[in-house]
Amino acid sequence: MSTETQLDVRWPIGLLFLAVGFLVALYGLIVGPQVPGNLDRGVNLDLIWGIVLFLFGVFMVWSARRAGRQQETERPAGKGAPSA
Amino acid sequence: MQLHWIDYLIIILYSAFVLGVGFALKKYMRTSLDFFLSGRRIPAWITGLAFISANLGALELMGMAASGAKYGMLTSHFYWVGAIPAMLFLGLFMMPFYYGSRARSVPEYLRLRYDEKTRGLNAVAFACVTVLVGGIDMYAMALIFKLMLGWSIHATIILSALVVLVYTALGGLTSSIYNEVLQFFLIVLGILPMAVLGVMEAGGWQGLVTRLGADHAVIWRNLGSPQSNPMGVEWFGLVMGLGFVLSFGYWCTDFLVVQRAMAARDMGSAQRTPLIGAIPKMFIPFLVIVPGMVAWAVIPHDLFTVTPPGGVAHTDFNFALPLMLARYYPSGMLGVGLTALLAGFISGMAGNITAFNTVVTYDLYQSYIRPKAEDRHYLRTGRVVTAIGIIIMVLAAYLAMQYSNIMDYLQLIFSFVNAPLFATFLLGMFWKRATPNGAFFGLLSGIFGAAVHNGLTLSGTNPVGIKGGWLAAMFGSGPLHTYPSEMAQNFWSAIFAWTTCFVITIVISLFTKPREESELGGLVYALTKKPSYHALHWIQRPATLAVFVGIVVILLNWIFR
């Protein structure tokens with residue numbers, strides 16, 4: 001069993017949501033409110049939910065960075081600590 | 001449903017991330033334990049989310065939304081009765097044996113507790129069921145993408161198989177677990193707006209209940225007799241069949257889910273895994289069942305009608321989720337919603353394949369074919385078995401196409417294999433007198449009992465055949481009993497299987513020689529030192545989490561009674 005530090009799962013999750021959230025919000029901003037299923041709700045769902053997804057991505061990346069820094073300070077010099 | 005470039009871009013982005021995670025994790029796969037059990041170093045919050053996500057594939061998303069449209073809130077029994085109690089039991093009482101024994105798989109625990117033949121039987125049965133379930137996931141995904149986008153079923157199966165092959169062969173269980181966590185967030189954030197918009201359009205919860213009828217909003221009041229509810233089950237069959245036998249058989253003994261807890265970094269994390277998973281699991285009905293109910297309430301029913309080539313037109317509730325996506329999501333969000341579905345399907349397949357490769361490599365290959373090779377050899381074997389498993393899954397996907405109701409098909413498989421297994425584990429962990437021969441013949445009798453029950457009974461207006469009655473027909477008679485629904489037949493089949501296994505195991509054990517007590521330390525409740533959590537803050541203790549989950553789930557049952 002290797003004891004090397006693994007990739008923190010929050011990085012890929014955070015980065016994916018940052019990218020997807022940014023794209024969806026930008027698309028919503030450019031295209032404006034759309035009317036799926038012929039139901040006019042006057043809501044720009046892409047813009048609103050794209051921002052929510054982006055903010056979730058920011059939270060995950062911030063959380064991964066914070067955990068990484070914490071591990072750096074806790075880890076004895078020259079040793080790898082398991083993490084995920 | 002029309003996709004735009006933005007939707008395709010989101011799907012491509014997700015696929016790239018999934019493959020990227022596999023490539024990033026490859027360098028950490030140095031030993032077979034790294035590959036098959038993530039080196040046992042994953043924190044509880046990750047294994048907890050992976051634990052429920054492994055079960056959040058095609059069955060949950062399409063099947064539960066379809067059941068929501070057909071039966072309403074009654075479907076939540078599959079969560080609040082048919083999952084949570086078993087997850088609490090696993091975390092509190094069974095994980096100490098699985099994790100404490102250092103078994104690398106569920107079949108391996110059976111070898112340690114009983115003997116080789118019981119392990120062999122379980123390993124072979126599990127491997128077969130796993131590829132069948134994986135095949136169903138593949139078929140479900142191909143079907144949904146054909147219905148929504150007109151994609152070729154064959155191309156979808158091959159492409160998804162390739163993605164799963166690459167990321168599981170590279171990163172093993174860790175890759176699968178990471179993608180399950182990613183999938184969990186995608187499903188929650190990708191489906192939540194649809195559920196909210198749907199309930200708003202239906203006029204809030206009260207409006208939804210008015211449109212569907214009050215019967216669709218209650219879960220206990222109509223269970224007095226099978227005739228008084230659309231599922232055709234009564235409370236005893238539901239609680240014993242689903243809530244006890246099938247649920248405990250799946251959540252407590254199925255290696256697909258237990259493997260996630262085994263990958264945890266320590267005993268406390270392993271115990272907390274199903275308990276943490278139970279928290280979001282309690283609320284998933286609002287994400288999958290409620291949208292199904294909304295679909296039936298607001299979407300014209302003729303859109304649910306399908307006419308197979310040369311067949312008769314019928315209502316197919318599996319359209320509920322795709323129809324909801326088309327109704328509420330514009331381009332952009334449609335890509336997010338489809339990616340959530342795709343993630344559920346892909347990671348469901350990956351979960352099956354990682355459990356399959358571990359059992360085949362450790363419990364079949366290492367035990368019976370090449371016992372004393374170098375560790376590196378088993379790591380290589382695991383990758384080859386992954387590829388073979390995916391090929392078998394593709395074949396199983398084509399088999400799954402023969403059956404229209406995915407849910408009942410799964411229940412049938414579980415009732416044959418999983419239901420008796422829980423009796424074997426229960427007796428093994430809590431009765432030190434249970435013997436290897438008692439367990440083996442009890443398990444065989446249980447599987448046989450399920451098949452006999454299925455062969456002698458039938459449900460509804462089903463014809464004699466795979467759905468039942470075939471054994472009675474062989475003797476020239478009609479079915480001995482006809483259940484009001486297939487679900488009731490499956491629940492009772494499970495009860496028969498479990499009871500047969502339980503009784504036969506006890507009877508044979510009383511007449512055969514048990515194992516020495518000195519060999520059973522860490523494997524049987526009475527002979528195992530209980531883990532102590534006094535050093536932990538009270539809120540971190542498994543018992544605290546279990547009490548919290550227990551109270552909330554009782555409240556949910558009470559609110560929707």
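In the text below, chain A, chain B and the rest are named by the order of the sequence lines, each starting its count at 1.
Heavy atoms closer than 4.5 Å to chain A are found in both the backbone and the side chain of B/L182. Contacts between B/Y14 and chain A at a heavy-atom distance below 4.5 Å involve backbone atoms as well as side-chain atoms. In this structure, the portions of B/L189 lying under 4.5 Å from any heavy atom of chain A include both its backbone and its side chain. Looking at A/I48, neither its backbone nor its side chain comes within 4.5 Å of chain B, counting heavy atoms on both sides. Looking at B/V181, the atoms closer than 4.5 Å to chain A (heavy atoms on both sides) sit in the backbone and in the side chain alike. Using a 4.5 Å cut-off between heavy atoms, B/L13 contacts chain A through both its backbone and its side chain. For B/L9, the part lying near chain A is the side chain, with the backbone staying farther off; criterion is any non-hydrogen pair under 4.5 Å. Of the atoms belonging to B/L334, not a single heavy atom falls under 4.5 Å from chain A.
B/Y178 places no side-chain N or O within 3.5 Å of a backbone atom of A/P12 that could act as its donor or acceptor partner.
When ring centroids are compared, A/F56 and B/F185 come within the 6.0 Å threshold. Aromatic ring centroids of A/Y27 and B/W5 lie under 6.0 Å apart.
Within the 4.5 Å cutoff, the side chain of B/Y328 has no heavy atoms near those of the A/L45 side chain. In this structure the side chain of A/D46 never reaches within 4.5 angstrom of the side chain of B/I6, judged on heavy atoms.
Just one of B/N179, B/I177, B/I46 meets the side chain to side chain contact (heavy atoms under 4.5 Å, CB included) condition when paired with A/V9; it is B/I46.
Chain A forms more heavy-atom pairs under 4.5 Å with one residue of B/S32, B/G335, B/S331 than with any other, namely B/S331. Per-residue counts of heavy-atom pairs under 4.5 Å with chain B were compared for A/I13, A/V20, A/L53; the largest is that of A/I13. Per-residue counts of heavy-atom pairs under 4.5 Å with chain A were compared for B/V21, B/D375, B/T174; the largest is that of B/T174.
The CZ atom of A/F17 sits 10.5 Å away from atom CZ of B/F17, with the distance rounded to the nearest 0.5 Å.
Identified by a heavy-atom distance below 4.5 Å to chain B, the contributing residues of residues 57-66 of chain A are A/M60, in residue-number order.
Around atom CZ of A/F22, no more than 12 heavy atoms belonging to other residues, nucleotides or ligands sit under 6.0 Å away. Surrounding CZ of B/F283 are more than 12 heavy atoms belonging to other residues, nucleotides or ligands, all under 6.0 Å away.
For A/V24 against B/G332, the heavy-atom pair with the smallest separation is CG2-O, 4.0 Å.
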